[in-house]
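Side chains included, hydrogens not; waters and symmetry mates left out as well; all remaining heavy atoms used. Lettering follows sequence order; numbering is per chain, from 1.
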Amino acid sequence: MTIHDTKLTPAETCTTDPRSPYLGVKNLTKKFDESTALDDVSFDISKGEFICFLGPSGCGKTTLLRCIAGLETQTAGQIIQSEKDISWLPPSARDFGIVFQSYALFPNLTVGDNVAYGLVNTGAKRREIAEKVDGLLKLVNLSAHKSKYPAQLSGGEQQRIALVRALATSPGLLLLDEPLSALDAQVREHLRREVRALQKRLDVTTIMVTHDQDEALTMADRIVVMNAGKLEQIGTPREIYEEPATPFVARFIGETNVIPLAEFEHGHARSGRCWLDISQAKSADETAPSGTDVIAVIRPEDVLIAQKDCLNTVQTDILDVEFLGDHLTVHVHAPALDSDRLSVRISKQQALTLDLSAGTRLPLCLPSQALRLLNAT
Amino acid sequence: MIASLRAPRQALDNDGRLMRLFLLGYVAFFLVTLVLPLYALVSTGMTDGNGNFVGLANFRTYFETPSLVRSLTNSFQVTLISTVIVTFLAFAYAYALTRTCMPFKGAFKLIALIPLLSPSLLAAIALIYWFGNQGVLRDVMMGTSIYGPTGIIMASVFWTFPHALMLMITALSVSDARLYEAAAVMKTSPLRTFLTVTLPGARYGLISAFIVVFILIFTDFGVPKVIGGNYNVLATDIYKEVVGQQNFQMGAVVSTVLLIPAVIAFAIDRRVQKSQRSALNARSVSYHPKPNRTIDTCALVFCVLMSVIIFGIVGMAQFASLVKFWPYNLDFTLKHYEFNSAGVGWFAFFNSLKLAFWTAMIGTPLIFFGAYLVEKPPVSGPLRPFVHLMALIPLAVPGLVLGLSYIFFFNHPLNPLVVIYGTMGIMVLNTVTHFYSVSHLTAVTALKQIDREFEAVSASLKRSVLHMFFRVTLPVSLPAVLDIWAYMFVNAMTTVSGVIFLYGASTILASVGAIHLDEQGASASAAAMAMLIFYASVVVRLLHAAISRVLLKRTQAWRLAK
């Protein structure tokens, strides 16, 4: 089945310069009475991209989405959509479809009427509308529920209805405000795939707000990581995970060990009583590390059990072990380092060869190439 | 230059412009029905008989007149005593309804709401038949008179009881069972549990009920007029100054004196309401009482006693209106229902029906749509909070004060609206305004339960706000709309204080007629008129229940869908 079967037109035929971004956010700032919800946020989104706004609660990600929809107005800054300045347009004059965490389905209208809600005033004929509604419901496998009321459907079904209702008018931009957060874990994972597949198929530029990093990592083309109203980093899931630009990103996405560094000499850096080889470490900025505000971060899975040829060997004592099914996380105490706690990820097989009881000595290796240097401030 | 320095605002779409226009309409409405009349009232209090400004001279005169000051202390005295009694009784009754396993709870709740259906003066008339000079139980008064503070307090307690009860029931039904379990696990005694869990949980409801009842009694006119005797209170003073002595300036001064405590009480109540939020959260577990023979029996006895009193009051009014000549000839007659006394007839009753009908028909859509504008569509700026504040202010304005202020404002020769003076129109306007606040709050509560993102979804789908309103918001809120309609109707039927200054010879109302009949000594006819109002209210309430049922069945299938 192709898109044409369902009478859905792709979001918008591309007449503009393909290199110009579909959506541009420029220096967006939003101040509430005393707090700053958005602080000089800028980024571009290309057509057809799936973007996630990721951050802890209160970081401004929902405010940013609502500014793009026109549901909040920014204090300063610009929003450009399809080369048109929409910064001060009311929501009704913008081109978007939106899905909320609460589904926001109209309870007194049937599923079919909900989906048809935005189609009725497009000038389409009754029969065309009915066909389009059928097509859309088929798209999410809910044709059988057309004449039911929302309350008769499960949460996941309701959210799929909300999704096709938002897509019915073929908006150029789809906004999803934590759409999966209210659902059970299993339904959530299933819907992740379904939403992503639908988005790819319709090629609709999509922004999804989420606080769930797994959701962002699995679904997004690119992730916008936010903290305290500021944009911390924008990049592909891989970039965000492997090359965090700030300590916040390193700590927020996945688990990480943070090692404060003090002195730098000939490709080495001192932490506590240890000199670590950082000659192959990657750095977030190009300048050579110096000063006292530099930290090294390393993922638990990149920390190794020390072998003979390891340059950065650190003596540690085991504190405790967490069993996590497919692997174990060992928490150790490293008295020689400035950070006294490290986490190490060990596979089940490897664990069989080791004595992991608390208090046991465990020499660890922090490979130079796995270290990433970041400015702490 | 200056304009360019201002931060830009989001452009308004057609909907935004329309909503702003509607909001401006509401501002105009409140200016005409509330702000300007009250201004006219206060400023009249500061002029002499010839319209010259005299500042606070009238107030000085007021406070230098011992008889007037005595009314002020009288008002506070009877109001405080009655309020304490009502709060106590209502708390006990609500506790029995919500926290015990007493049988017949539904019936007891209905019985307790009966006083809402009659004008406040009905209780006063009935009490005179029970305890008056020729009353059945006059001996229990042991020589003291029912006319005066005793009667005012008893009648006030009767008619404000359901008001306090409803607030108490709300306060006591929202309680977290987990707190009681925690207390039980820690082996807390029942008394200590009551003092440390139950009372604190209900304290906002208690305070709120206390304040609401205080305002109701402090500003009530019907009860002290009928049973007050020579014991003067502020409300009767206003009536005497205006109707008796035609001293409008002093009437305005007394009104202002009456208005101030009411406004202060209102402000305190709003504060309390604000801090009440977040007492419960989604995780709270609702409390289910366990059977306890002693407590359940006590509750039952208490509720039966209260019910007997309520039936006794209403029943006496009914009985007295059906006997030939109390207390000498108790033969059955309908002659008191003929109303052939001067100026009051059956037409007064029909006028009341007309007033109630139009108040409900005009008030309900006006108030509901106003609440929608305040609650839902995205219009920034001060208009929405302003309209919301205006909508709440009538709660603090006593009916008598509002009515008097209408005289000053609408009867002013320069006012083009003078044409509605003395007509049914001005009474409808006054009654809608008088009962605006509670209905507004009902509507706002109902609207708050609707997903706040509907308007955003609708805008993204390019449908107008009005389409959204009629297609979704209104149908979903239908039960609240029907409640508002019935509330407006019944209150318009029973009100006295708001309209006592506003009726004309041909537009006299049943409630006002009852006052006049009582003044003329025809108390059996007054009781008959009060009973007519009572039965009309009962019929409307029953109709409301029936219509709600049918309408809800037909249009709210989605509610039952689950």
Side-chain angles (χ1 to χ4, degrees), chain A residues 29 31 65-67 69-78 85-111 113-122 147-153 162 165-169 171 173-175 177, chain B residues 5-20 282 376-381 446-479 481 551-562:
Chain A
T29 297
K31 287 187 174 131
L65 188 90
R66 293 180 73 89
C67 282
L71 301 172
E72 303 272 2
T73 40
Q74 63 279 10
T75 315
Q78 253 190 327
D85 186 348
I86 60 163
S87 315
W88 304 104
L89 291 181
S92 62
R94 301 189 188 196
D95 177 21
F96 70 95
I98 192 162
V99 176
F100 292 101
Q101 183 181 349
S102 62
Y103 325 134
L105 290 177
F106 305 133
N108 60 327
L109 304 186
T110 60
V111 164
D113 286 342
N114 262 289
V115 176
Y117 191 86
L119 293 171
V120 178
N121 57 337
T122 52
S147 42
K148 286 189 184 167
Y149 290 107
Q152 291 168 289
L153 304 185
R165 180 180 65 179
L167 290 168
T169 50
L173 180 63
L174 178 63
L175 303 176
D177 186 5
Chain B
L5 286 175
R6 260 179 38 195
R9 276 234 196 125
Q10 191 175 64
L12 281 178
D13 52 5
N14 286 336
D15 273 343
R17 272 190 285 273
L18 192 64
M19 294 304 128
R20 197 174 55 178
K376 291 288 177 181
V379 178
S380 55
L447 289 168
K448 273 195 198 300
Q449 285 163 2
I450 298 178
D451 197 312
R452 64 191 192 91
E453 309 293 7
F454 280 3
E455 273 67 26
V457 168
S458 191
S460 79
L461 295 171
K462 313 280 181 286
R463 300 305 298 256
S464 74
V465 172
L466 283 184
H467 179 269
M468 169 80 210
F469 176 79
F470 285 112
R471 185 91 195 275
V472 179
T473 314
L474 189 58
V476 169
S477 314
L478 200 59
V481 172
L551 261 185
L552 292 191
K553 217 176 219 167
R554 193 172 302 163
T555 65
Q556 314 276 300
W558 54 271
R559 246 181 242 283
L560 316 163
K562 264 248 144 89

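Here the side chains of A:Phe106 and B:Pro475 are not in contact, with every heavy-atom distance at 4.5 Å or above. Side-chain contact between A:Phe100 and B:Arg452 is absent, with no heavy-atom pair separated by less than 4.5 Å.
Between B:Phe454 and A:Leu105, the shortest heavy-atom distance links the atoms CZ-O, 3.2 Å. Contact detail for A:Pro90 and B:Asp13: the closest heavy-atom pair is CG-CB, 3.6 Å. Between A:Leu71 and B:Ala456, the shortest heavy-atom distance links the atoms CD2-CB, 3.5 Å.
For A:Val99, no part lies near chain B; criterion is any non-hydrogen pair under 4.5 Å. In this structure, chain B has heavy atoms under 4.5 Å from both the backbone and the side chain of A:Arg165. Heavy-atom distances place the backbone of B:Leu12, and not its side chain, under 4.5 Å from chain A. Looking at B:Ser458, both its backbone and its side chain come within 4.5 Å of chain A, counting heavy atoms on both sides. Interface remark: A:Ser102 contributes backbone and side-chain atoms alike to the contact with chain B (heavy atom separation under 4.5 Å).
One N or O on the side chain of A:Asn108 and one on the backbone of B:Arg471 form a donor-acceptor pair closer than 3.5 Å. The backbone N or O of A:Arg94 lies less than 3.5 Å from a partner atom in the side chain of B:Lys462, making a donor-acceptor pair. A donor-acceptor pair under 3.5 Å links the side-chain atoms of B:Gln10 to the main chain of A:Leu89, judged by distance alone.
When each of A:Asp177, A:Asp113, A:Ile98, A:Leu109 is scored by its heavy-atom pairs under 4.5 Å with chain B, the top score falls to A:Leu109. Among the candidates A:Gly118, A:Pro91, A:Pro107, the residue making the largest number of heavy-atom pairs closer than 4.5 Å to chain B is A:Pro107.
Taking CG of B:Leu461 as the start and CZ of A:Phe96 as the end, the distance is 8.5 Å to the nearest 0.5 Å.
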